[in-house]
Amino acid sequence: MALAAEAKRIAAEFDYSTEEVGKGVKEFIREMDEGLEKQGATMSQIPSYVTAVPNGTEKGIYLAVDLGGTNFRVCSIVLHGNQTFSLTQSKVAVPHALMEAKKAHELFEFLAKQIEIFLKTHHNDKFEAHRRRPSQQQYLDLGFTFSFPVNQLGINKGKLIRWTKGFDIEEAIGQDVCALLQKEIDALNLPVIVAALVNDTVGTLMARSYTSPGKTGTLIGAIFGTGTNGAYVEKLNRVKKMAQIDAELGSAAYDKSTGLMIINTEWGSFDNNLSVLPDTPYDRALDAESVNPGIQMFEKRVSGMFLGEILRRAILALYKHQDENIALFKDTSSADNDTSSLTTVAEDSPLYKQWGIDTSFLSIVEEDASDRLRITKQTLEKDLGVSAPSMEDCVAVKTLVHAIGKRAARLAAVALGAVVLSTNKLQEDDLVDIGVDGSLVEYYPGFEDYIREAFREIPEIGVEGEKKIRIGLAKDGSGLGAALIALTASKAEERGEFSQELVDSLQASSETNASRAKALELHIASRVAAELAALERKEDETLRSLRESLSSELSSSSTTPSKDQSNESRLLDLPSIPAPADAAAREDARQAQSSAKVFEELEKLRKGLSERKKVREMPREVERTREDLVGCLRKNDRRPLDCWREVEAFKAAVAKMEEDFIGRVL
């Protein structure tokens with residue numbers, strides 16, 4: 001009984017009360033806002049440059065590659081447009097020599113060659129068609145999941161900050177990893193465009209949004225596995241630091257028309273100064289002996305990588321307790337042990353080794369409902385080298401496991417609940433969708449239930465708000481999610497009819513709406529003038545072509561003159577043709593007059609074309625679509641890309657005018 005009481009005392013140190021949950025939510029929102037305001041905040045709030053989420057109707061074939069460690073994965077994803085997809089993939093180990101190569105070219109050439117092998121195996125039709133006749137239509141858009149620290153400068157641009165996970169290629173640091181891969185892809189003449197640089201958490205959000213039931217877009221993508229992180233959909237006008245980012249790193253091209261920006265929170269660093277996070281002796285000891293003491297404090301209390309280590313330290317505290325009547329695994333005789341044998345701990349037990357307990361151990365113990373905790377006993381023996389643990393030992397371990405796992409879930413609720421409240425989605429939407437991935441949320445018993453319990457305790461969410469929150473699994477953010485981000489990037493590029501410089505200057509301008517509208521009208525006028533100039537050039541080309549064609553025919557006829565053919569020299573001197581004296585002369589004169597008639601018609605055509613150049617009034621449809629476009633740009637002076645439909649209508653009208661004109665000329 002003494003052991004059970006001590007286990008409960010230690011477990012109580014992991015309690016995370018309703019009041020503490022509320023304080024955590026408020027601080028989380030404060031740090032979110034701070035991260036949106038400025039660079040260098042505790043919570044990074046990194047813009048992903050992805051500005052839209054899928055709705056499940058998207059179709060097409062896209063590629064995704066994932067360099068997340070010692071393996072490199074290549075996937076092709078077929079989106080069926082009904083929230084389903086098909087995935088084909090291959091995986092290859094990255095040779096250790098390339099992980100420490102002298103030149104970045106060596107690694108990225110290897111990656112490109114794996115893409116080539118994949119295309120030959122699974123998309124040989126596109127591969128061969130591109131080889132025979134390169135065409136933009138044959139290209140496949142690719143999402144590149146690159147799981148190393150990068151400074152992302154655009155949706156398909158990011159400079160490597162540092163290598164981790166055993167990689168060490170100094171030359172690559174500071175370089176754009178997308179450009180490095182694209183260079184090697186181009187060298188192999190592959191029909192592939194690196195369309196997006198992908199964060200796996202953003203990919204989780206995209207994957208969930210595509211596969212989630214109904215029409216509600218996903219708000220949050222969250223990972224609770226070995227590590228933890230979240231991404232969410234934010235209103236673009238709330239990301240105040242975009243101006244600072246553009247000033248420091250250069251303005252990136254991205255689609256501003258949606259008014260949204262998916263933010264990679266990097267919430268593992270939430271509350272590094274421990275103003276609201278719970279803190280126990282076991283948390284402090286873990287942090288002090290970690291490779292990054294003082295940072296990622298939220299992650300060290302939530303993610304699977306650390307929960308096993310927290311448990312190990314708590315178990316050791318019980319095992320090494322000075323009072324042997326309380327101590328764990330210390331039955332001194334068979335009479336004290338319900339298994340009728342002594343309890344011992346192996347000298348090489350993982351209990352003595354840092355990171356010796358895996359989070360899967362917690363999942364097994366938490367779920368154990370067997371008679372006398374038989375499964376827990378077996379797991380202690382097998383995984384930790386504890387022979388003949390007593391029933392009381394097993395109960396004590398289970399008590400600690402439950403407390404540590406539940407605290408992690410309630411902390412996860414702080415992050416998720418804060419994002420839901422910060423975005424005001426409970427008031428704006430009937431349903432809030434959250435996509436989650438990772439071993440904790442997928443396999444840890446009751447993890448979602450503990451999250452929902454904490455949601456109900458947050459006053460701004462409550463019982464009714466919790467019912468509006470849907471949590472669902474989102475698998476393969478680095479595969480399906482990366483492909484969807486590539487799709488989003490390519491669609492945004494297709495919609496962007498105005499130059500990024502124009503859009504940026506319009507949105508950053510301090511001019512009044514009236515002066516900005518005048519500038520827009522002048523821009524449209526210049527576009528119209530350019531189109532008309534192009535028409536004039538085509539008119540001149542048509543006239544020149546007719547002249548050259550006739551001249552060619554006349555030239556060839558001069559080499560074999562007959563009564564059915566005219567001599568070019570006579571055509572060039574029409575006024576001096578003498579009156580015919582005989583039949584042959586009359587025939588020559590008739591031919592000359594016929595040619596003269598042709599030149600006369602040609603001259604009329606030239607004059608007609610010249611007159612047409614002087615016309616100032618455009619066709620009604622061109623004028624109407626031009627006015628619609630100018631009106632739309634005036635209305636959406638801060639979001640000009642919203643007028644892409646009007647741009648298309650104007651271009652179509654100009655093209656029709658050109659087609660009609662050429663038809664009349666010919």
Side-chain angles (χ1 to χ4, degrees), residues 48-64 75-89 123 126 136-143 145 155-156 193 195-196 198-222 231-236 254-262 423 425 428-437 468-497 639 641-649:
S48 69
Y49 298 95
V50 181
T51 59
V53 296
N55 58 22
T57 64
E58 294 80 3
K59 295 182 179 180
I61 302 175
Y62 297 88
L63 297 181
C75 312
S76 66
I77 293 89
V78 180
L79 304 174
H80 301 306
N82 58 355
Q83 300 174 324
T84 66
F85 65 97
S86 302
L87 183 145
T88 304
Q89 66 177 338
H123 296 285
K126 286 186 176 292
Q136 194 70 19
Q137 294 180 350
Q138 297 291 338
Y139 278 76
L140 291 168
D141 291 305
L142 176 145
T145 301
I155 196 165
N156 66 343
I193 294 175
V198 179
N199 170 272
D200 57 355
T201 311
V202 177
T204 297
L205 168 57
M206 300 292 280
R208 171 63 185 178
S209 192
Y210 182 80
T211 58
S212 64
K215 298 181 179 180
T216 302
T218 299
L219 173 65
I220 305 172
Y232 73 102
V233 183
E234 181 61 271
K235 294 180 179 66
L236 182 58
Y254 59 94
D255 182 10
K256 299 180 177 70
S257 67
T258 66
L260 303 173
M261 175 68 78
I262 295 180
T423 56
K425 283 298 180 179
E428 295 178 2
D429 298 335
D430 294 330
L431 180 69
V432 178
D433 190 77
I434 298 174
V436 293
D437 191 13
K468 295 173 63 176
I469 299 174
R470 181 174 65 190
I471 300 175
L473 285 177
K475 299 299 292 179
D476 201 11
S478 63
L480 172 61
L484 289 163
I485 294 173
L487 178 153
T488 302
S490 63
K491 294 300 182 186
E493 185 175 344
E494 290 173 7
R495 289 196 297 270
E497 297 297 337
R639 294 173 62 182
L641 289 180
D642 278 2
C643 299
W644 66 273
R645 291 184 180 85
E646 287 75 8
V647 171
E648 289 294 335

Has [X] got a side-chain atom pairing as donor or acceptor with [Y]'s backbone, closer than 3.5 angstrom?
| X | Y | result |
| --- | --- | --- |
| Thr258 | Thr51 | yes |
| Arg470 | Ser212 | no |
| Asn199 | Val202 | yes |
| Tyr232 | Thr218 | no |
| Gln89 | Ala64 | no |

Could you check whether any side-chain heavy atom of [X] comes within less than 4.5 Å of a side-chain heavy atom of [Y], counting everything from C-beta outward?
| X | Y | result |
| --- | --- | --- |
| Ile77 | Asp476 | no |
| Ile434 | Leu219 | no |
| Leu487 | Met206 | no |
| Leu205 | Val233 | yes |
| Val436 | Leu473 | yes |
| Leu79 | Leu484 | yes |

Do you know which two heavy atoms are closest between [X] and [Y], and how far apart they sit?
| X | Y | value |
| --- | --- | --- |
| Leu480 | Ala207 | CD2-CB, 3.9 Å |
| Thr201 | Gly221 | CG2-O, 3.4 Å |
| Ser209 | Pro54 | OG-O, 2.6 Å |
| Ala474 | Thr204 | CB-O, 3.5 Å |
| Ala486 | Ala195 | O-CB, 4.0 Å |
| Pro213 | Arg208 | CD-NH2, 4.1 Å |

So how far is it from [X] [atom1] to [Y] [atom2], rounded to the nearest 0.5 Å?
| X | Y | atom1 | atom2 | value |
| --- | --- | --- | --- | --- |
| Leu260 | Glu234 | CG | CD | 9.0 Å |
| Tyr49 | Asn156 | OH | CG | 11.5 Å |
| Thr423 | Glu428 | OG1 | CD | 7.0 Å |
| Glu58 | Phe85 | CD | CZ | 13.0 Å |
| Ile469 | Lys425 | CD1 | NZ | 13.0 Å |
| Ile485 | Ser490 | CD1 | OG | 12.0 Å |

- Looking at Asp430 and Lys468, does any basic side-chain N land under 4.0 Å from a carboxylate oxygen?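 Lys468 and Asp430: not salt-bridged.
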